[in-house]
Number of protein chains: 2
Amino acid sequence: MNSYSPKHIAALIERVGRLLSTEAHAEGLLPVQWETLRYLHKANRFSRTAAAVTAYLGLTKGTVSQTLNALESRGLVAKRIDPKDRRSKRLSLSAKGKRLLRKDPLGVTVTAVNALEHSAQQALDESLGALLASRLTGQGRQPFGQCRDCQYFADQHDDGGPHYCQLLQEKLASKDAEAICYEQLPK
Amino acid sequence: MNSYSPKHIAALIERVGRLLSTEAHAEGLLPVQWETLRYLHKANRFSRTAAAVTAYLGLTKGTVSQTLNALESRGLVAKRIDPKDRRSKRLSLSAKGKRLLRKDPLGVTVTAVNALEHSAQQALDESLGALLASRLTGQGRQPFGQCRDCQYFADQHDDGGPHYCQLLQEKLASKDAEAICYEQLPK
DNA sequence: TCATATGGTATCGACTCAATACCATAAAGG
DNA sequence: CCTTTATGGTATTGAGTCGATACCATATGA
């Protein structure tokens, strides 16, 4: 059988990706804009900056700056200067932005994935994850893993209370532990 | 564990796709141009037309026409009017185009896929294939399967000789049977 | 023969994206 | 301190994608 080969799989990934991105024109937003909204939704508070979005999407600063301007002028994203580092601007999703995210065109893919067998889902998750990791480390880029899986992540108390980031020296809520982080360094 | 979910998987596919496409700027060609070259390389002779490329990539005619012009002016692709239907132009890869394809930036993905376990490769192939098929049929688009898996595919002789397409009423070489086809209708 | 469908091209506008240059703030070293 | 250097972000420009529309040539069918 010729159809099953690494070459074929690689082409498949690219083709599925392209197909999804053409479907991702919805609600007047473009694919990159949706991805930016999604990122801001699941990133922790330290990671909602233009620089982090840049690293996450693999684009250049200028492009991301434009995208964020577009989202800001639609009232989906708000910028606020970081009081601790006045060069930096903290990004946040507005209520409108969160509401819009419920119409995420990625939803059709989600239902398609749901239709797969459970074992197939797990295999997809692991294989694509490994693929992503190998490409990222091959370029010295951040993995953007979950906060809880980070070297700097620590439980502050033994009683199951809030957590702590040893890098940024800040308290973390339980919710923060689930979020993805720009600074994350896998254990 | 929160990281394993259809939503997460869908986002993963999109992100890997984007990452690959940013890597696909190589040799002065753009991602779409590479995909077009790849398509022309593996499509059978009936399927090397602008219309088929359009359907395969999910773009509009105009965009594909521009892309093909770019490839033609670089001497990578040749056009020839189809004598049987003088509206249509048959496309073919030039020797230069085939040579360039050896530097395909998708190669890095191929090696990454190769590094996965065999069972993971198989799972990827099947899951992504199913995903692609569900998205395509959901939009009434062609599956572009292999010629050999088509309803119109027939063995002309019992002695293992060349094959035959019952739709286009043309002989097929063994090589053709492996190629993907615009008209393919899965059995 | 006339209408309609189909393959392809040309042109325009909105937008992405990389590249470059630039500004403001921060951090490190004398 | 004051300078250098790094970093976060913006602005501008130019190449190119992509969709939309209009258009031309050839086929197909009533």
Side-chain angles (χ1 to χ4, degrees), chain A residues 14 17-36 46-74 77-91 139 142 168 182-183, chain B residues 14 17-36 46-74 77-91 139 142 168 182-183:
Chain A
E14 182 133 4
R18 166 168 299 277
L19 189 63
L20 294 190
S21 83
T22 64
E23 285 184 349
H25 294 260
E27 304 290 325
L29 292 192
L30 295 155
V32 194
Q33 300 177 336
W34 280 112
E35 290 196 67
T36 303
F46 314 119
S47 307
R48 292 194 293 262
T49 66
V53 174
T54 298
Y56 185 77
L57 296 180
L59 301 174
T60 54
K61 301 195 289 185
T63 303
V64 170
S65 180
Q66 281 177 307
T67 299
L68 289 172
N69 277 341
L71 293 175
E72 189 184 22
S73 68
R74 277 167 170 274
V77 163
K79 298 179 188 172
R80 220 186 77 247
I81 292 180
D82 181 345
K84 292 186 190 156
D85 182 344
R86 307 235 308 280
R87 295 171 304 179
S88 181
K89 298 185 181 178
R90 302 271 144 202
L91 305 169
Q139 297 181 307
Q142 293 90 340
L168 304 172
Y182 175 65
E183 306 283 359
Chain B
E14 183 133 2
R18 165 168 302 276
L19 189 63
L20 293 190
S21 84
T22 64
E23 285 185 346
H25 293 260
E27 303 291 325
L29 292 192
L30 296 154
V32 194
Q33 300 177 336
W34 280 113
E35 289 195 68
T36 304
F46 315 119
S47 306
R48 291 195 293 261
T49 67
V53 174
T54 298
Y56 185 77
L57 297 180
L59 302 174
T60 54
K61 301 196 288 183
T63 303
V64 170
S65 179
Q66 281 176 306
T67 298
L68 289 173
N69 278 340
L71 292 174
E72 188 185 20
S73 68
R74 277 168 170 272
V77 164
K79 298 180 186 171
R80 221 187 76 247
I81 292 179
D82 181 346
K84 292 185 188 157
D85 181 344
R86 305 236 309 278
R87 293 172 304 181
S88 181
K89 298 185 180 176
R90 302 272 141 200
L91 304 169
Q139 297 181 307
Q142 294 90 338
L168 303 172
Y182 176 64
E183 306 283 1

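The chains referred to below are lettered A, B, ... by the order of the sequence lines, with proteins before strands, and numbering in each begins at 1. Every value quoted in this text rests on a predicted model; they were computed, and no experiment measured them.
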Provide, to the nearest angstrom, the distance between the CZ atom belonging to A:Arg74 and the C1' atom belonging to C:dA14.
12 Å

Which heavy atom of A:Ala52 sits nearest to which heavy atom of A:Ser47, and what is that distance?
CB-O, 3.1 Å

Whole angstrom is fine here: how far is it from CG in B:Leu57 over to C1' in D:dG19?
15 Å

Spacing between B:Leu59 atom CG and C:dT9 atom C1', to the nearest angstrom:
16 Å

Nearest heavy atoms of A:Ala70 and A:Gln33, plus distance in Å
CB-NE2, 3.6 Å

Interatomic distance, A:Leu29 atom CG to A:Glu35 atom CD [nearest 0.5 angstrom]
12.0 Å

Are B:Lys84 and B:Asp82 close enough for a salt bridge, meaning some N to O gap below 4.0 Å?
no

Could you state the CG-P distance from B:Asp82 to D:dA27, rounded to the nearest angstrom?
9 Å

Write down the atom of B:Leu57, the atom of A:Arg18, and the distance for their closest heavy-atom approach.
O-CD, 3.6 Å

Sequence-aligned protein contact record of nucleotides 9-14 of chain D, with B where the base is within under 4.0 Å of a protein heavy atom and S where only the sugar-phosphate is
BBB---

May I ask you to list the residues of residues 21-31 of chain B, by number, that have any heavy atom positioned under 4.0 Å from an atom of DNA chain C?
none

Upstream residue (5' side of DNA chain C) when A:Arg86 and A:Gln33 are each assigned their closest nucleotide
A:Gln33

Rounded to whole Å, CG of B:Asp85 lies from P of C:dT6 at a distance of 12 Å

What integer distance in Å separates B:Ile81:CD1 from D:dC24:C1'?
13 Å

Tell me, with the steps shown, if B:Thr49 and B:Lys89 meet side chain to side chain contact (heavy atoms under 4.5 Å, CB included).
CA-CA 6 Å; B:Thr49 67; B:Lys89 298 185 180 176; over 6 Å; no

Mind listing the closest non-hydrogen atom pair of B:Ala50 and B:Leu68 along with its distance?
CB-CD1, 3.7 Å

Nearest non-hydrogen partners of B:Glu27 and B:Arg74, listed with the distance
O-NH1, 4.2 Å

Between C1' of C:dG7 and CZ of B:Phe46, the distance in whole Å:
18 Å

Only one of A:Leu59, A:Val32, A:Asn69 clears side-chain contact (heavy atoms from CB on, under 4.5 Å) with A:Val64; which?
A:Leu59

